[in-house]
Engineer: 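Structure incoming, see below.
Remember, predicted model here, so these are calculated numbers, not experimental data. Each ligand, and each atom within it, is numbered from 1 in the order the structure gives.
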Amino acid sequence: MSACRDSEFPAALIPGALAGFPTGYRLMYNRILIANRGEIALRIIRACREMGIETVAIFSEGDRGSAYLDLADEAYCVGPAQSAQSYLKIDQVISAAEVGNVEAIHPGYGFLAENAHFNEVCRSCKIDFIGPSPEAMEMLGDKNAARRLARKAKVPVVPGSQGLIEDEKEAAKIAHEIGFPVLIKATAGGGGKGMRVAANDLVLNTAIQQASAEAQAAFGNGSVYIEKYIERPRHVEVQILADTHGNVVHLWERDCSTQRRHQKLIEESPAPNLPSETQEAMCEAAVRMIKNANYSNAATVEFIVDQENNFYFIEVNARIQVEHPVSEMVTGVDLIKSQILIAAGEPLPFTQDDISLRGVAIECRINAEDPQHNFRPSPGVIKSMHVPGGFGVRFDSHAHTGYVVPPHYDSMIGKLIVHQPTRGEAIACMLRALDELRVEGIKTTVPFHRAVMQHSDFVDGWVDTSFVERTFLT
Ligand code: MV4
């Protein structure tokens, strides 16, 4: 790491609000490695360029020749197309970091982003991991431990067991106390894996066994706990930034209820029709949670919100998320630059009072999938692509005319984000931008998004997590 003068560095992360950094000199990275691919690799390369940081990219054989790799200063192949043999190979990624002589690694999302072991290997190799400490990451990766911490931090949790379920008798007792239906959740789970609903006594033990067996097979940990099952909840999450000096701020919330089988499709900020008292209480609860976790860097605190607007803590995501741009648009804060500065030991250059919420942002995930056929993957050559622009439109994508969407990875090829003064204007802007966006040669989720933007439930802001299944019968 080398010291550089404040005056040589663009201090402002939020327009107008920043006086700059308190110290005359500060430590900054010269070079970082991006342990990811696709649009998020491009997003991080762009942020680094603006900060004067050199970048080292990695790629698999399946991504060889991808145009965004040219924007990095160097790029190294880390293995064959399958992610298990490339992007997930810790030794290969670390080798690229050593050869590339980087001071830090940004993991993006997915792949190794929430792998506490990888995080620890980075530490032992004296490479900064741009994210939380391995200890905080490991603790929050255990949902039961995270739930215990939430209780300690006076953050509301769904009524349920105090800890893990030890035997059938105990499970039946708890289920009767909280009332059916109940939800059995794996402590190692996440994203819907290792969850089972039990409607009554008769199916309780089967549900526990199934959830436990699924979690054992997927995560090597079959421990489960019980919660009251909240029907048709909304999924609302709070964006947090925490520095290594004890400063923790929230960047308001995102509503991610428009999802299908735990795959988010549309995200927006702020959450529509959420009473401002609920919003404030939820954001404050998220800050308390992160303060108690002894956590630094970007985090998302996930809640579910019931029909009466009660909110309950679900889990913490210890990474930057796909949907981070909607929070960037409404607050003006660059989350990727913030992550890098925090990892380098900088104090946050703004306080909670500096972070306002301006307008409404909506993001549509553009996936190479056929929404007419159960969202089945549609990889292949993009014969032509035309991207939208204009006032309030942002398109984060590594795809272009001639790009071949590989079949080996997540099917997301871009994120269309709009920012407007009101939600009505944001929806109109999104519809206009969706019309401008042309992707020929493969199927995409564009027609689905067009339908949602015109659906009265979405327009009125009354979307819960079963909206997509209910409305589009998928
Ligand atoms: C719940 C729930 C209802 N009741 N917990 C799904 C994945 C994990 N992040 C938490 N999840 C849920 N937990 C209780 N007690 C409903 C879900 C849920 C859900 C949550 C967020 C986003 C989408 C979802 C889709 C189905 C179920």
Side-chain angles (χ1 to χ4, degrees), residues 109-110 114 140-148 150-151 155-165 171 174-175 177-199 204 207-208 210-211 214-215 218-219 223-238 253-269 271 274 282 286 289 299-319 321-323 326 363 365 375 452 458 462-472 474:
Y109 50 70
E114 289 182 277
L140 294 169
D142 181 320
K143 308 293 176 262
N144 180 54
R147 197 169 136 85
R148 207 178 322 121
R151 279 208 186 85
V155 172
V157 299
V158 188
S161 53
Q162 287 291 325
L164 299 173
I165 295 302
I174 294 160
E177 277 166 18
I178 61 179
F180 286 99
V182 298
L183 188 59
I184 317 298
K185 288 187 178 180
T187 192
K193 256 217 176 116
M195 287 198 333
R196 284 291 183 287
V197 182
L204 181 62
I208 292 171
Q210 284 176 347
E214 189 175 301
F219 316 108
S223 300
V224 296
Y225 58 96
I226 298 190
E227 285 181 356
K228 171 92 187 150
Y229 179 58
I230 308 294
E231 287 177 73
R232 292 173 58 164
R234 293 169 66 178
H235 172 151
V236 183
E237 56 184 34
V238 178
E253 80 285 4
R254 299 183 285 256
D255 189 315
C256 310
S257 299
T258 307
Q259 57 86 46
R260 177 182 173 273
R261 301 189 186 172
H262 304 290
Q263 293 295 320
K264 293 169 186 166
L265 288 158
I266 298 171
E267 304 93 350
E268 60 182 296
S269 184
L274 192 67
M282 191 184 302
M289 180 74 193
T300 297
V301 184
E302 257 186 61
F303 297 93
I304 51 177
V305 179
D306 71 14
Q307 323 254 357
E308 284 83 50
N309 286 324
N310 299 303
F311 64 89
Y312 308 98
F313 168 78
I314 292 291
E315 58 191 68
V316 175
N317 299 310
R319 61 167 190 277
Q321 288 191 278
V322 173
E323 60 271 26
V326 296
E363 171 179 280
R365 294 193 188 190
F375 292 81
V452 173
F458 185 87
W462 297 121
V463 166
D464 61 65
T465 51
S466 61
F467 166 74
V468 177
E469 275 98 337
R470 192 172 66 236
T471 310
F472 298 92
T474 68

Engineer: Under the criterion side chain to side chain contact (heavy atoms under 4.5 Å, CB included), which of Val468, Leu265, Thr465 is the partner of Gln259?
Structural biologist: Thr465

Engineer: List the closest protein heavy-atom neighbour of atom 24 (C) of ligand 1: residue, atom name, distance to the nearest 0.1 Å.
Structural biologist: Thr465 CG2, 3.8 Å

Engineer: Run the salt-bridge test on Arg254 and Glu363 with the 4.0 Å N-O cut-off and return the result as yes or no.
Structural biologist: no

Engineer: Indicate yes or no: does an N/O atom of His262 lie under 3.5 Å from an N/O atom of ligand 1?
Structural biologist: no

Engineer: Check each atom of ligand 1 against the heavy atoms of Lys228 and keep those under 4.0 Å away; list them by number with element.
Structural biologist: 4 (N), 14 (C), 15 (N)

Engineer: For Glu231 and ligand 1, answer yes if some heavy atom of the residue is under 4.0 Å from a ligand atom, otherwise no.
Structural biologist: no

Engineer: Using a 4.0 Å cutoff against the non-hydrogen atoms of Gln259, which atoms of ligand 1 qualify?
Structural biologist: 23 (C), 25 (C)

Engineer: May I ask you to decide if Phe313's main-chain N or O and Arg147's side chain share a donor-acceptor pair within less than 3.5 Å?
Structural biologist: no

Engineer: Starting from atom 21 (C) of ligand 1, which protein heavy atom do you reach first, and at what distance in Å?
Structural biologist: His235 ND1, 3.2 Å

Engineer: Applying side-chain hydrogen bond (donor to acceptor under 3.5 Å, both in side chains) to Asn317 and Tyr109, what does each step give before you reach the verdict?
Structural biologist: CA-CA 10 Å; Asn317 299 310; Tyr109 50 70; over 6 Å; no

Engineer: What is the closest protein heavy atom to atom 16 (C) of ligand 1, and at what distance does it sit?
Structural biologist: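 Answer, as residue, atom name and distance: Pro233 CG, 4.0 Å.
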
Engineer: Mark yes or no for whether Asp142, through its side chain, and Asn144, through its backbone, hold a donor-acceptor pair below 3.5 Å.
Structural biologist: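 It does hold such a pair.
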
Engineer: Taking the inter-plane angle between the rings of Phe311 and Phe303 on a 0 to 90° scale, is it parallel (under 30°), tilted (30 to 60°) or perpendicular (over 60°)?
Structural biologist: perpendicular

Engineer: Between Lys193 (side chain only) and Glu214 (backbone N and O only), is there a donor and an acceptor less than 3.5 Å apart?
Structural biologist: no

Engineer: If the cut-off is 4.0 Å to any non-hydrogen atom of Gly192, which atoms of ligand 1 fall inside it?
Structural biologist: 7 (C)

Engineer: Can Lys264 and Glu237 be counted as an ion pair, charged N to O under 4.0 angstrom?
Structural biologist: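 Glu237 and Lys264: salt-bridged.
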
Engineer: Classify the contact between Ile230 and ligand 1 as side chain, backbone, both or neither, using a heavy-atom distance cut-off of under 4.0 Å.
Structural biologist: both

Engineer: Counting from 1, what ligand 1 atoms have a heavy atom of Glu315 closer than 4.0 Å?
Structural biologist: 8 (C), 9 (N)

Engineer: Does a salt bridge link Arg365 with Glu267, judged by any charged N lying under 4.0 Å from a carboxylate O?
Structural biologist: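 A salt bridge is present here (some side-chain N lies under 4.0 Å from a carboxylate O).
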
Engineer: Is a donor on one side and an acceptor on the other found under 3.5 Å between the side chain of Glu253 and the backbone of Ala271?
Structural biologist: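 Here the side-chain-to-backbone pair exists.
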
Engineer: Atoms of ligand 1 less than 4.0 Å from Tyr229 heavy atoms?
Structural biologist: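 Under 4.0 Å from Tyr229, ligand 1 has these atoms: 3 (C), 4 (N).
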
Engineer: With heavy-atom distances below 4.0 Å as the criterion, list the atoms of ligand 1 near Met195.
Structural biologist: 6 (C), 11 (N)

Engineer: Hey, are the side chains of Asp255 and Val463 touching, using non-hydrogen atoms and a 4.5 Å cut-off?
Structural biologist: no

Engineer: For atom 10 (C) of ligand 1, what is the nearest protein heavy atom, given as residue, atom name and distance?
Structural biologist: Ile314 CG2, 3.5 Å

Engineer: Provide, to 0.1 Å, the distance between atom 14 (C) of ligand 1 and the closest protein heavy atom, together with that atom's residue and name.
Structural biologist: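 Here the nearest protein heavy atom works out to Leu183 CD2, 3.4 Å.
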
Engineer: How far is atom 13 (N) of ligand 1 from its nearest protein heavy atom, and which residue and atom name does that atom have?
Structural biologist: Lys185 NZ, 3.1 Å

Engineer: Identify, by atom number and element, the atoms of ligand 1 in contact range of Glu302, meaning under 4.0 Å from any of its heavy atoms.
Structural biologist: 9 (N)

Engineer: Quick test of your reading of the structure: of Ile304, Val197, Asn317, whose heavy atom lies closest to atom 20 (C) of ligand 1?
Structural biologist: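 It is Ile304 whose heavy atom sits nearest to atom 20 (C) of ligand 1.
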
